[in-house]
Amino acid sequence: MRVLRAAYGDPRAAAELVPRLTERQAAGLDPLPAQPAELAPELLRAHRREIRALPEDTRRLLLLAAADQYPVQTHAFLRAVAAAHLDTRALEAAEAAGTAHAATSGVVFRDAWTRVAAYESGSSADRREAHRLLARVLHGDGEAPRRSWHRGAGALGPSARLAAELGAAAHQARELGDHLLAGALGERAAALTPDPRERSRLLSRAAADAWHRGDGDRARHLVASSDESALDGLLALRSGNATEAFDVLLTAAVRHARAALEQGSAVNRSVEESGPLSGLLEGPYPYPYGSRHPHPDSQSSRQVPNPALDVAVHLLARATEAAMYTGDLRRCREAATVSARLGIIPPGTLSGLAAAVDGRYEDARHLLEAAAGRCGPGGDPTLLIHSGIAALLLGDHSGAERATVRAAASARARGETVTVPQAMEFRAYADFWTGRPHVAEAAAADALWQAYATGQDNGACHLQAALAMFAAVTGDGEVCRERAGAARTHARAHGLGLPAALALWALAFHDLSTGRFESAAARLRALAGFGPGHGHRAIRHLATPHYVEAAVRTGDTRVARAAHADYDRWATAVRSADDLALSARCRALLAPGAEAVDHYRTALDLHAQGTRDFERARTELLFGSALRRLRLRTEARDRLHSALEAFETFGAPHCATQARAELRALGVPVSVRSGTVDLTGRLTAQQLMVARMAAEGATNREIAVRLALSPRTIDHHLRGVFSRLGIRSRIELVRLLGEVGL
């Protein structure tokens, strides 16, 4: 996906690039080549030959059009043509050759590589002349940053004055959310400044812009040319080794905090009071998280802006985030110790998670409640994501959905492409728990594509694990195993305990729903092991209700009772109806005979106040089974029918099979819902996505790339689709999906 993005979406260029990658580039450890000539030299040479074969006047117009569009759009071509009294009839030769054609808005190139070739085929002097002409005609309101870009591109050599102008223009573009223009301006300013320190600072900001717009490879190239290790740590958090990212970020946080103290300025500011940030915070650090206590040696309580301290606060938050991803309790405590020593309060969501991991559940609830209610000034997307995570942990799934939907919208509005898949990831959880697993799986698959395309391999790993869980629920064992295997392989190599644990939970749930209770219990017991790349205490805790069920089925309840006691303490502390319901269900499973009935009734009463409809259906299934064994046939039948209906709606076939088996044991005849019209009732969410793509004409390999699965798995899915729908060809599939409006 990153290769296709780097190659401007051209499959020919991508095919040329892949064999040229080093092992480290192919593994995602090093960034992809940065320049077009490094990406697909043969394709670019062929396009250049086409351009050079055109008449001189045609080439000049194409160069001017390309300079107006590459690497940023400035919309000045027609004005430049008029100002220079150029004859646009020369474009007819380009149209006849099929390279470009004239349109009301200017010139439309055949593809991105033709545009690049048109630009690079011109001499350096011709390119500078084109940029100067475009700069002269850009004098409207709001066009100053683009005028500065062309002035910088037309410069002959270093100029401190012009570099300063470009830097100011980059800041203006950044404020408007145009990170592509801001990055281009910053890079050009860095090339023109004679000051090495200023060059490093400008490159760091340009790297941050590249990261925000989703170009992780460009960001990593620019970071390598700067002296800012903190930004390197942030990129490592998203795509490298999380344990190494923690070390880099924590070290950088301490360094910036010491610099702040050396400035002799103590600050006591909350997130909402901090205002716009300077320096690096304009780039990858969209907002400071947490607050700072006054330093004990401070002679004044006056609030004084201190950019170094802002950076330290944010870096400490990111270090804590890295520690939570690893699942390493030692690193979590180390971050907390450093935070206390510096007098910095970590952000609510991360400090709440840390408190929960340490077993300080009351503290965790207070911190998470504060974070869940915080939307951030102007709807900051990262704060909204943290608010959504906090709401999820507190069992407020509707609040989590609202926060994450706002986060994605805010990120798009700000041009922060990189943040969108992070928001979509947690929205998928909210959709799933509130009874929309098909919507959740589709959203997570789309977020997975975006995460890979923007260079966020660690986020993609987490999404793979989430998709493994969705596949487990929808009964697709092959996809569950493939996605869980991919997630665990990446997690082990990058020190990611959180997705490793989630993937293991997915495998365990698939075992549980298919009656392999010994295997499920063994996997869930393994969640107790946590540490970088292996497990995570938070996931072990969330999986407790499933572990209790598996343990009871296998007769091993000693450890399950201890696990439930801890889970009940959490449920009582956070006061979530759903968590309390699951705790009551655990108590029912662990209770003998008729004692369980009252606990099940309590659980269902609590589920009625919550939003986790899937777990409510599982509680009804377990309750119906218990009632059947107690020979309370009428109520058992009603509970089991209710559970069966819910599972069929969710598209959870294995759970539905368990409900049918219980009903048959009661002597109640049941049949499989036919789903003659509603195809979503006959296909898993994954099969439905594959069916839609196949009907649109995508090949198996293209579908596999899009869904990050193997072509063999896609073939398996298509055969399953044909079998379930009773058809034999893609033609019949197109017709059938058209008939039902899919």
Side-chain angles (χ1 to χ4, degrees), residues 327 432 437 461 464-492 496-531 533-564 566-567 582 585-586 588-590 614-615 617-619 621-622 625-626 643 647 650-662 665 684 686 709 713 716 720:
F432 172 74
C461 175
Q464 285 276 30
L467 283 162
M469 177 60 85
F470 299 152
V473 171
T474 56
D476 198 329
E478 184 167 350
V479 168
C480 177
R481 288 186 290 273
E482 182 172 340
R483 292 207 183 277
R488 295 182 72 193
T489 298
H490 182 91
R492 283 194 293 268
L496 301 169
L498 184 62
L502 182 58
L504 189 60
W505 184 12
L507 293 169
F509 182 77
H510 185 260
D511 287 338
L512 185 65
S513 63
T514 53
R516 296 192 292 271
F517 304 121
E518 290 282 358
S519 177
R523 292 188 196 275
L524 291 167
R525 276 195 299 272
L527 283 176
F530 46 86
H534 296 287
H536 201 281
R537 185 167 179 172
I539 296 296
R540 181 192 69 176
H541 182 79
L542 292 172
T544 294
H546 293 163
Y547 172 60
V548 169
E549 181 182 346
V552 167
R553 298 275 198 173
T554 58
D556 181 14
T557 60
R558 182 181 60 83
V559 178
R561 290 182 187 280
H564 169 247
D566 186 57
Y567 185 86
L582 290 172
R585 186 175 88 189
C586 291
L589 285 164
L590 293 165
F614 181 76
E615 288 298 339
R618 286 192 57 77
T619 298
L621 170 62
L622 293 167
S625 178
F647 292 140
F650 289 133
H654 294 313
C655 293
T657 297
Q658 290 180 339
R660 289 191 196 94
E662 290 290 341
T684 68
Q686 195 80 63
L709 292 168
T713 299
H716 163 76

Exercise. What is the distance from atom NE2 of H536 to atom CG of L498, rounded to the nearest 0.5 Å?
Worked result: 5.0 Å
For this session: Could I get the full list of side-chain contact (heavy atoms from CB on, under 4.5 Å) partners for C586, not counting sequence neighbours?
Result: P545, V548, H564
For this session: Identify, with sequence neighbours excluded, every residue that meets side-chain hydrogen bond (donor to acceptor under 3.5 Å, both in side chains) alongside H716.
Result: E478
Problem set entry | Straight-line distance of D566 CG to H541 NE2, nearest 0.5 Å | 6.0 Å
Problem set entry | Distance in Å, D476 CG paired with L467 CG, rounded so as to fall on 0.5 Å steps | 11.0 Å
Exercise. Residues two or more places apart in sequence or in another chain: which of them pass side-chain hydrogen bond (donor to acceptor under 3.5 Å, both in side chains) with E662?
Worked result: S625, R628
Exercise. Who pairs with Y547 by ring pair (Phe, Tyr, Trp, His ring centres under 6.0 Å), at least two apart in sequence or on another chain?
Worked result: none
Give the table of side-chain donor-acceptor pairs shorter than 3.5 Å for residues 512-520, with sequence neighbours excluded, one pair per line with atom names and distance.
| unit_1 | atom_1 | unit_2 | atom_2 | d |
| --- | --- | --- | --- | --- |
| S513 | OG | F509 | O | 3.2 |
| S513 | OG | H510 | O | 3.1 |
| T514 | OG1 | H510 | O | 2.7 |
| T514 | OG1 | D511 | O | 3.2 |
| T514 | OG1 | R516 | NH1 | 3.4 |
| T514 | OG1 | R516 | NH2 | 3.4 |
| R516 | NE | D511 | OD1 | 3.0 |
| R516 | NH2 | H510 | ND1 | 3.2 |
| R516 | NH2 | D511 | OD1 | 3.1 |
| S519 | OG | D511 | OD2 | 2.7 |

Seminar exercise, completed: Between the CG atom in L504 and the CG atom in L524, the distance rounded to the nearest 0.5 Å is 7.0 Å
Seminar exercise, completed: dist C655:SG -> F614:CZ (nearest 0.5 Å) comes out at 4.0 Å
Exercise. Taking only residues at least two apart or on different chains, which pairs with a member in residues 548-559 satisfy side-chain hydrogen bond (donor to acceptor under 3.5 Å, both in side chains)?
Worked result: E549-R618
For this session: List for me each residue that meets side-chain contact (heavy atoms from CB on, under 4.5 Å) alongside T619, sequence neighbours excluded, and say none if there are none.
Result: R585, Y600, A603, L604, H607
For this session: Starting at CG of L590, measure out to CZ of R561 and round the result to the nearest 0.5 Å.
Result: 4.5 Å
Problem set entry | Sequence-distant partners of H546, side-chain hydrogen bond (donor to acceptor under 3.5 Å, both in side chains), two or more places apart | W505, E615
